[in-house]
Structures are given as C-alpha cells and as structure tokens.
Amino acid sequence: MTQAPVLKVENLQTRFKSVQRGKYVHAVDDVSIELYPGEIVGLVGESGCGKSTLGRTIVGLEKATSGRVLLDGVDLTTLSGAALRDSRRALQYVFQDPYSSLNDRQTVGEAIDEALVIAGTRSPEERDRRTKELLDQVGLASAVRDRHTRELSGGQRQRVAIARSLAVNPRVLICDEPVSALDLSIRAQVMNLFLRLQKDLGVACLFIAHDLALVRQAASRVYVMYLGKIVEHGSSRELYDHPSHPYSQMLLASAPEVDPRIEKNRRGPLMIGEVPSPTNPPSGCRFRTRCPLAVDDCAKAMPPSRVLSPEHTAACTFAADLHRGKRSALLQQEVSAA
Amino acid sequence: MHDQPLLDVSNLTVNLLTAKSAVCPVDGVSYSVRQGECLAIVGESGSGKTVMNFAPLGLMPTGVTTMLSGSVKLEGRELIGLPETEIQKLRGKSVGFIFQDPMSALNPVRRIGRQIAEMAELHLNLTPRAAEARALELVKLVGISDPAARLRQYPHELSGGLRQRIVIAIALAGEPKLLIADEPTTALDVTVQAQILRLLKDVQRRLNMAMVLITHDMGVVAGAADNIVVMYAARAAECGPVDKVLVSPRHPYTRGLINAIPRREDPIGSEFRGLPGIPPTLGAPIRGCALAPRCELAVPACGNSRPPLVRSDDSAVLVACPVVNQGKAAA
C-alpha cells in the first residue's frame with residue numbers, strides 16, 4: 001500500500017483507575033493500528049479485551065493515557081476545543097445498540113437534520129437536500145422521514161444512526177458491533193450497506209466485532225486483540241487460513257458449525273477458562289495462562305511481534321512454527337487432554 | 001411410559017392483553033419433548049419463542065393479562081387452567097430455568113452457596129445443612145474449580161461464564177425433569193459459549209432430563225439439539241430432527257436463515273446473503289403466510305389462508321409452506 005494511512009494509532013494506552021487503590025485497569029496497552037482510505041478492517045476479541053475502549057479512545061470518548069491518534073497526520077490527542085472538533089469531524093462512531101443511540105422523540109428527519117446542524121450546514125435548503133441524499137445512501141425510503149425513530153425496526157434504526165454519522169462526510173467510521181443487536185435475517189442487509197458505503201464513498205471502517213465469520217467476509221485485514229494488546233494482525237485470507245497465534249487458533253476453533261454432521265462429530269478442544277482481569281494481567285505473554293503451548297519463558301517477557309509475511313504478524317514465540325503448521329495450539333491441547 | 005413425551009404442547013395459543021394493546025405472540029403451535037431429548041426452538045426476536053415457553057408456567061411480566069388456549073401437558077398433567085399455587089410448585093422443581101443474562105438472574109447481595117441451597121431446601125425439603133452439601137455437589141457438577149471457595153463468593157466476583165454455571169447449578173438444584181434454557185449463551189463470548197453448551201449437553205445426558213433450548217442462533221443448535229422448531233411471526237414454520245432440518249431445510253424462512261450465515265468459502269468482500277424486508281410487527285393480524293412479503297417462492301395464493309404444517313416428503317419433517325408442500329394433504 002503506497003497510500004498514506006488515513007488513521008494511524010501509535011502506542012496507544014488507555015487505563016482506568018481501579019477500585020483497588022493505587023491499581024489501574026490496563027484496558028488498552030501499547031496498541032498500534034493503521035487504517036487506509038476506503039478499507040474495512042476488523043478488530044476482534046473476547047469481551048473485556050479492550051476492543052471497544054480502543055474504538056472509544058480513538059474518537060475521544062475516552063481519554064488516552066499515552067500514545068498518539070493521527071487522523072490525516074494530525075495528532076488528535078494534543079488538540080482541544082474548536083480545533084479538535086474540526087479535525088474530529090472526519091471520524092465518526094456507530095454504536096452497537098440503535099435502540100439507545102437515537103432519541104425516541106425525534107422523527108427520522110429531525111435526527112438527521114440535527115447531525116447536519118452540528119456539522120455546520122447553515123442553509124435549511126441545503127440540509128433538506130442532504131437529508132434526502134443521506135436517506136437514499138443508507139437505503140431508507142423518503143416516507144420514513146416523518147416517522148418517529150421509535151416506530152422503526154432495529155435494522156431501520158441502525159440505518160438512521162449510520163445516516164447521522166455520514167452527515168459530516170467522514171473519512172473514517174468506527175463501528176462498534178453495529179449488527180450484533182440486529183436479527184439474523186436483517187444483519188446481511190446492514191452489512192451490505194457498509195460494503196456499499198465503502199465502495200461508493202470510500203469511507204474507511206474499523207469494524208469492531210466478536211463474530212469472526214462476519215468479519216472475515218467484510219474485512220480486508222483483521223487485528224486480533226487480547227487483554228489490551230494486539231496479538232495478531234494479517235490480511236483476512238492469511239489470518240483465517242493460517243492463524244499463527246494460539247489465541248487466534250482457539251478463537252477460530254470455538255465458532256460453532258451449523259451443520260450437525262460436522263458439529264456432532266467435533267471432539268475439538270475448548271478454550272480453557274476466561275480472560276484474566278486486566279487489573280493484574282499475567283506477566284510476559286498475556287495469553288500464557290490459557291495457552292496450551294506456554295513454556296516457562298512465556299512468563300518472562302511479552303514476546304515481540306514476529307513478521308510472518310509482508311502482511312502478517314503475530315506476537316508469539318512459536319508464531320513461525322504455527323504459521324507453517326508445524327505446531328498447533330489445538331493439537332497440543334488434545335494431546336495433553338488425552 | 002417411555003413413549004409418552006415428557007412435555008406435550010398442542011395447538012398452544014397465547015394472547016396478551018395490556019391496558020393499551022392486544023397481541024398474539026403464539027398462534028397455534030404444537031411440539032413435544034421426550035425424556036433425555038433436547039428440542040431447540042429457533043426464531044428472531046418477537047417470534048414468540050420465549051413467551052411460548054414461559055407463559056404456560058406463569059412467568060409473565062405484571063400488568064399483562066395472559067390468555068392461554070390449547071394444551072400443555074407435563075408428564076401427562078395439563079398445565080393450562082392449573083391454579084397459580086400449583087404452577088408455583090412446578091417452577092424450579094419439575095421445571096428448571098436458565099435465563100439469558102446470568103447477572104440479572106442472580107441475587108447480587110447474597111452468597112452463591114445460599115442461592116443454590118435455597119432451591120434445594122425449598123424443593124427437596126432438605127435441612128439447611130444438607131442443602132449446603134447439595135450446593136457443593138452441584139457446583140462440582142457444573143465444573144467449577146475450587147467449589148468450596150466459590151460458594152462463599154458473591155455474583156459480582158465471578159466472570160460471566162462462571163455466573164452462568166451457577167445459574168445452571170440453581171436450575172438443577174430441584175432435580176428437574178425438564179430444563180428450559182432461554183438463550184443461555186447469548187450474553188457470553190464465543191469461547192465461553194462453547195464451554196457452556198458442552199456443559200448443558202453433558203448434564204442433560206447425565207441426568208437424563210428433557211431440555212428446551214430457546215435461541216436465535218442457528219450455530220448453537222447443531223451441537224446440542226435433537227429436534228428443532230423454527231418459529232416465524234408466532235407460528236411454527238418448520239419442525240423436525242436437527243440432522244434433517246439443518247442439512248436440507250425446506251421452508252423458505254429456514255433456508256434463508258441458514259443461507260444468511262457467512263461461510264468459509266464466501267469470497268472476502270462479497271455481498272452478504274440474507275432475507276429481504278423486515279419481520280411483521282406483532283400487533284397486526286396476518287391472514288395468509290406471514291413470510292409471503294419476504295419470500296422468493298411466494299405466489300398470490302400465499303396471502304389467502306394460513307398455511308398448515310404438513311408432513312413433507314420426509315415423514316419426520318413438517319413444513320408450513322403451500323408452495324413447498326404442493327400437492328400434499330394436511331397432516
């Protein structure tokens with residue numbers, strides 16, 4: 001990729017004060033990611049891994065403890081007031097739950113108009129024209145404009161929320177589980193909307209989700225996050241075909257199969273336990289407490305990111321072996337279980 | 001006795017009346033579960049899958065008048081028309097419940113051990129001491145490490161997966177014959193979901209219980225259930241053995257749902273498959289097939305009358321679609 005990234009996050013850290021005095025919750029710990037214009041990038045991990053906090057820190061809903069968030073080369077963490085507001089317009093957030101992100105008392109037209117006013121569109125005629133255009137872009141009929149948002153279905157509400165975030169012509173959308181509150185039969189419609197927005201408007205999306213299959217199909221690249229750190233990054237094809245971090249391997253293996261002939265015969269291993277507390281993360285590699293491959297050295301230092309191919313890195317001592325298929329977290333666990 | 005289903009629901013209709021509105025979330029649904037079997041009930045939100053299982057057992061919000069018709073038989077005993085005091089004796093005793101969100105299902109200010117023991121005292125007439133011993137047994141049964149220490153903890157000290165294990169232990173405390181699990185893994189991570197599903201399947205087999213698994217997630221069904229009922233807009237669209245319905249779905253809605261799940265072989269960046277349109281709202285009466293406006297097979301006749309569930313070319317599978325069932329007599 002020769003283009004400059006539209007969004008670059010460098011060594012970002014977000015921590016919260018813990019209820020235990022003097023301790024901190026390291027929600028996001030030294031994370032660097034990049035987003036290029038017009039691409040959809042996935043960010044996956046279990047709940048509590050810090051993926052939402054990362055998204056919220058990028059748009060400024062949480063304050064970064066250290067590190068930089070560069071939007072078109074401008075560091076947002078150093079700006080404040082009007083300068084921050086202006087720069088941040090290019091960066092918008094789509095929330096998970098369209099039932100709580102919209103005002104029930106507004107009509108669809110009012111909700112979108114409000115976003116346009118805040119975006120600084122003064123002329124009412126211009127706002128009227130843009131509202132029509134936005135409704136069209138998100139695939140809502142113009143008749144919906146005078147209905148209250150509370151009258152709409154979940155899928156329609158999420159479209160309104162997306163129209164609102166598009167009102168300012170953003171270059172980057174941070175989408176936090178945008179379809180997980182929607183019914184299965186509706187999900188595809190909203191996912192296709194994201195694909196179309198990316199193609200037609202060239203908006204870059206950071207797609208935060210726990211549904212791995214959904215991310216695989218939509219995203220060109222994927223970051224896997226565990227306990228505040230990025231443990232693996234790669235193109236979707238590389239990462240799903242050759243997962244090279246034990247955590248990614250086990251995460252992928254946990255996804256259930258729909259076909260009972262496969263699912264019932266699967267004696268596969270299960271992920272052991274749950275994510276440890278980010279207040280007291282394990283020393284060294286954070287996954288070592290659940291990792292079937294862990295050796296003594298894993299407790300000493302966080303393994304550095306290993307480059308496996310130009311578009312694939314994994315932070316595991318055994319990444320190269322795992323990548324070549326010489327070793328497998330899944331196999332190892334079966335051996336120790338037997 | 002073995003041939004008689006433990007739970008036999010036939011032609012169940014639920015009407016809910018509130019001060020302002022009347023809705024019919026369940027409209028003439030029949031199904032049955034035998035001892036040792038697991039039935040999955042799959043549907044989207046508002047399809048009636050939860051109401052159908054909770055209303056006959058009196059678990060409805062206050063301020064709603066519930067009107068039931070049809071028949072719900074548990075071990076041959078008719079539940080519809082039973083007084084509330086009798087139903088109350090069944091809840092937690094013959095029928096155990098597992099709810100979606102373990103945090104709101106547990107009492108935040110009482111210790112885990114007490115919450116489990118309470119059930120054993122109430123339903124098995126155990127002394128407090130014996131009940132505590134039973135609680136310890138149950139916590140071991142649901143695979144929790146360091147069980148004695150866990151019993152002294154409060155729900156907020158546990159992770160989501162552990163909490164759900166506690167909820168399962170509570171559901172098992174009364175030695176139920178039927179376990180109703182309402183979206184037991186929806187609030188959990190995919191990694192923990194697999195653990196909890198395996199646990200549920202395991203205890204169900206070991207205790208030889210019947211289980212009703214209510215879910216919107218087709219992925220959960222395959223590993224756990226023997227039979228499946230697919231619900232759409234208050235009615236059953238298709239039912240039959242999981243091996244058959246998931247492998248070769250016949251009803252256009254079931255087909256659409258399974259088809260909508262992304263597959264490994266789908267190219268990256270390709271369009272997502274799904275059903276067009278949106279599900280109908282609950283209040284509006286539907287004359288014909290509720291799926292007709294979203295259905296690719298729909299013909300004008302679909303709007304005329306409600307399609308009955310009819311035995312398909314495979315006698316174990318019933319399908320409510322006149323186009324799929326063309327030329328077959330009603331079962």
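Throughout, protein chains are lettered first and strands after them, A, B, ... in sequence-line order, and every chain is numbered starting at 1. Note that this is a predicted model, so its numbers are computed, not measured.
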Taking C-beta and beyond as the side chain, do [X] and [Y] meet within less than 4.5 Å on heavy atoms?
X: A:Leu195; Y: B:Phe272; answer: yes
X: A:Val258; Y: B:Arg263; answer: no
X: A:Asp259; Y: B:Val247; answer: yes
X: B:Ile268; Y: A:Arg216; answer: yes
X: B:Thr191; Y: A:Glu46; answer: yes
X: A:Ile186; Y: B:Pro279; answer: yes

Heavy-atom donor-acceptor pair, A:Gln189 side chain to B:Leu275 backbone, under 3.5 Å
yes
Donor-acceptor pair, A:Gln217 side chain versus B:Gly269 backbone, under 3.5 Å?
no
Among [options], which has the most heavy-atom pairs under 4.5 Å with chain A?
options: B:Pro267, B:Ala260, B:Ser145, B:Gly219; result: B:Gly219
options: B:Gly256, B:Ala224, B:Gly161, B:Gly46; result: B:Gly161
options: B:Gly160, B:Gly274, B:Gly223; result: B:Gly223

Toward chain B, the part of A:Asp211 with a non-hydrogen atom under 4.5 Å:
neither
So what's closer than 4.5 Å to chain B heavy atoms on A:Ser153: side chain, backbone, both or neither?
side chain
Grab the two heavy atoms, one from [X] and one from [Y], that are nearest each other, plus how far apart they are.
X: B:Pro262; Y: A:Ala213; result: CB-O, 3.8 Å
X: A:Ala255; Y: B:Val190; result: CA-CG2, 3.9 Å
X: A:Gln156; Y: B:Ile278; result: OE1-CD1, 4.3 Å

Are A:Asp241 and B:Arg264 ion-paired here, with the side-chain N under 4.0 Å from a carboxylate O?
yes
Distance check, rounded to the nearest 0.5 Å: A:Ser185 atom OG versus B:Asn259 atom CG?
12.5 Å
Could you walk me through whether B:Gln193 and A:Ser254 pass the side-chain hydrogen bond (donor to acceptor under 3.5 Å, both in side chains) check?
CA-CA 8 Å; B:Gln193 170 178 309; A:Ser254 306; over 6 Å; no
Which region of B:Ile261, side chain (C-beta onward) or backbone (N, CA, C, O), has a non-hydrogen atom less than 4.5 Å from a non-hydrogen atom of chain A, or is it both or neither?
side chain
What part of B:Val242 gets closer than 4.5 Å to chain A, counting heavy atoms only: side chain, backbone, both or neither?
both
When you look at CZ of A:Arg237, are more than 12 heavy atoms from neighbouring residues, nucleotides or ligands closer to it than 6.0 Å?
no
